[in-house]
Protein chains: 2
Amino acid sequence: MSKAVPAEKRASAKPTINDIARLAGVSKKTVSRVINQSPLLNEDTREKVKAVIRDTGYVPNPQARALALGRNFLIGIIHDNPNAQMILNMQQGILEALRDTEFEMVVRPVDRGSATMMDDIRSFIMRQRLYGVVIMPPISENDEIARLCRELGCRYVRMGSARLDDDAHMVASNDRDVVAEATRYLIAQGHRRIGLVAGPHGFRSARERREGFESALAEAGIRLPRNLIADGQYTFESGITATESLLDQSPPPTAIFASNDEMAAAVLYTARERGIAVPEELSIVGFDDTPIASRVWPPLTTVRWPIVAMGRSAALKLIRGLDSGDDEGGEPSTFLSTLVRRGSVAPPTRTD
Amino acid sequence: MSKAVPAEKRASAKPTINDIARLAGVSKKTVSRVINQSPLLNEDTREKVKAVIRDTGYVPNPQARALALGRNFLIGIIHDNPNAQMILNMQQGILEALRDTEFEMVVRPVDRGSATMMDDIRSFIMRQRLYGVVIMPPISENDEIARLCRELGCRYVRMGSARLDDDAHMVASNDRDVVAEATRYLIAQGHRRIGLVAGPHGFRSARERREGFESALAEAGIRLPRNLIADGQYTFESGITATESLLDQSPPPTAIFASNDEMAAAVLYTARERGIAVPEELSIVGFDDTPIASRVWPPLTTVRWPIVAMGRSAALKLIRGLDSGDDEGGEPSTFLSTLVRRGSVAPPTRTD
DNA sequence: TTGTATGCGTTATCAA
DNA sequence: TTGATAACGCATACAA
């Protein structure tokens, strides 16, 4: 090919694989092998090329790689989560794992109410040729999405409150266990009439937390009257309504476990509104350890799950999937949440 | 689930521009012209090709376009923001603008303390060949980053509390005005000793809010003693310290304006800790209208800025930059924040 | 162990 | 107004 047409390349132009090959006196393919860490390469050649790459500051063009490989170096994060802090913590964990790799993170909020949600996700994955996706709760509980990912050949990891999938596709917390622990803590403080603000029907996390709550009561031989369970939707507003129905009982509960912090904050808010002293007349336990839990007065006893670590692990599962088929000896799949004890729990001052 | 969807979407058989050209009986360049809305095209040809595109469900491959064009269809969002809700609202606004376009959003948190921050941003923009970036406060106040974007030929829009750049590169709120309004509201309630929890030095938003506060006091002829100004860092913890120093004054203020909600929550927290009744003994005003403002008791009077609309506008400024050189008659650059009155303000019960 | 030729899906050049 | 052909930067088969 003649060099009549192309103009003299500017010194500032980004070097390409051709420049490296020319400067190192090898073919492009050899440079490509160095980049992709091919095992069959003479060490001297490898070092020579590496030196040129260092000197020139060469970085492979991700778009060209994406085109040639038929897939992009993008990790998607799919969520329909109202909890901003959780999403950001997850993003932080994922980005920690992606730091110093060629991957970038793209975010896609979805609307579970939308009729086109599955198609949206499909075109998101297809168009961007995503390398993999991390699916956040509660949308992660939707098995359809996991099936779609498999169908499209897109790696995925789901985050959730229980094991919904095999180890390679899951980072889970032990919601049931830790809620049982939290409930035992309330019982140990002397509480017997304990109310539950449950999460929405159909949410696995809601079920896990409820079952943990119920199992701890059963284990202590405490009967749970039906009217001490109020349904919530994980929102502050629904928490208000649920709390009102609990506090209207006679006698009212001396403690309430709310299935997330939003609703726990609503319990506290409602108690204040009614002039009920917390924790003296009413103890409260939440779940998530979002910032709000530590910013209200009194600060809320709650459950903290290691979301950043889960995000990091989820991303590593995705990008490590390259070399190791299974995940044994790799990233953990279950993460232990812990009870954080703050000022919203005290022994009951009233006994019935 | 999505069986009604046209079968062309199968992963195995994605049509390419060649397929469209063959089916339409034209060259690929002509198809390319249709895709890119080239003006010099026979209408009949255009319609014919469009019909084939519709029928096949053809979608151009973004990776190939990125390679050929030398730039990607990605909008970056750069932030170093501790306020999760603000980031998510911004993301929502940007995504609303990007919906039904070929653009995707990629998120990049940065660490202003890091020595490599500028290099991180540079390589982020260069490697991904970003189409444009939205820069969130407070990092948006850094003029170096704007200069870097210009140098790299990357479009950018900054979000901030004041106009730091020209219209095409800025979405700003009127912090100074609205804080003056909030302060006048406190004065109208009868407050004279009003404390300020200021934001960090060097933050433009902190300066704007402080100046709005001071101007309203000056305008009412109220002298602001030096010891009624406490420095904060926009964090809850710093708000605690600042509030303590204010409440230790004698006499203490009857109202406090905190430069963001995190610190306003800290004011409330500290007041509760000391048994000071809010709003009877102490009125509180915050800024941001984050979820926490409406979830504490009493709910906080605060300033709400239209972040979703600002995000939408920022993204539109970026992707509209194509056809219209200037931004006249286009997206607005200034957005009006509003005072949200809740229960944390009341007339003072004590007069000095 | 290394190189050559070709493909990935699109856009740009320039001639028809 | 349209089309043949060459980029774009990298990876893979297949040779050497």
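Order of the sequence lines sets the chain letters (A, B, ...), proteins ahead of strands, with each chain counted from 1. Computed from a predicted model, the values in this text were never measured in an experiment.
Put simply, A:N36 has a side-chain N or O that comes within less than 4.0 Å of OP1 or OP2 on D:dA11. A close approach under 4.0 Å does occur between a side-chain nitrogen or oxygen of B:T45 and OP1 or OP2 of D:dT2. Taking side-chain N and O atoms only, A:R65 has no distance below 4.0 Å to OP1 or OP2 of D:dC10.
Side-chain N/O atoms of B:N36 and B:R65 include a donor and acceptor closer than 3.5 Å. Side chains of A:K28 and A:T16: no donor on one and acceptor on the other come within 3.5 Å.
Between the CD atom of B:E102 and the P atom of C:dG9 there is a distance of 18 Å, rounded to whole Å. Distance B:Q63 CD to C:dT10 P: 10 Å, rounded to the nearest Å. Distance, A:N72 CG to D:dA11 C1': 15 Å, rounded to whole Å. C:dG9 atom P lies 13 Å from atom CZ of B:R22, rounded to whole Å. When the C1' atom of C:dT2 is taken as reference, atom NZ of A:K48 falls 11 Å away, rounded to whole Å. Put simply, CG on B:L67 is 9 Å from P on D:dC8, counting in whole angstrom units. In this structure, B:N18 atom CG and D:dA4 atom C1' are separated by 13 Å, rounded to whole Å. Distance CZ (B:F73) to P (C:dT11): 8 Å, rounded to an integer number of Å.
For the side-chain contact (heavy atoms from CB on, under 4.5 Å) test with B:Y131, the passing option among B:E102, B:R71, B:E104 is B:R71; the others fail.
Using a 4.0 Å heavy-atom cutoff across all strands shown, A:L41 reaches sugar-phosphate atoms only and no base atom. Contact annotation for B:I17: base contact, defined as any heavy-atom pair under 4.0 Å involving a base atom.
Side-chain contact between B:R147 and B:D143: absent, with no pair of heavy atoms (C-beta onward) separated by less than 4.5 Å. The shortest distance between side-chain heavy atoms of B:R108 and B:H79 does not fall below 4.5 Å.
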Between the protein and nucleotides 3-7 of chain C, are there any N/O to N/O pairs under 3.5 Å, and if so, what are the atom names and distances?
unit_1	atom_1	unit_2	atom_2	d
C:dG3	OP2	A:S27	N	3.0
C:dG3	OP2	A:S27	OG	3.1
C:dG3	OP2	A:T30	OG1	2.6
C:dG3	O6	A:R33	NH2	3.0

Show the numbers, then the answer: is there a salt bridge (Lys or Arg N to Asp or Glu O under 4.0 Å) between A:E151 and A:R122? CA-CA 10 Å; A:E151 174 194 331; A:R122 173 190 293 269; 3.3 Å; yes

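No salt bridge links B:E96 with B:R99; every basic N to acidic carboxylate O contact stays at or beyond 4.0 Å.
Comparing atom distances between the A:S32 side chain and each of C:dT1, C:dT10, D:dT12 picks out D:dT12 as nearest.
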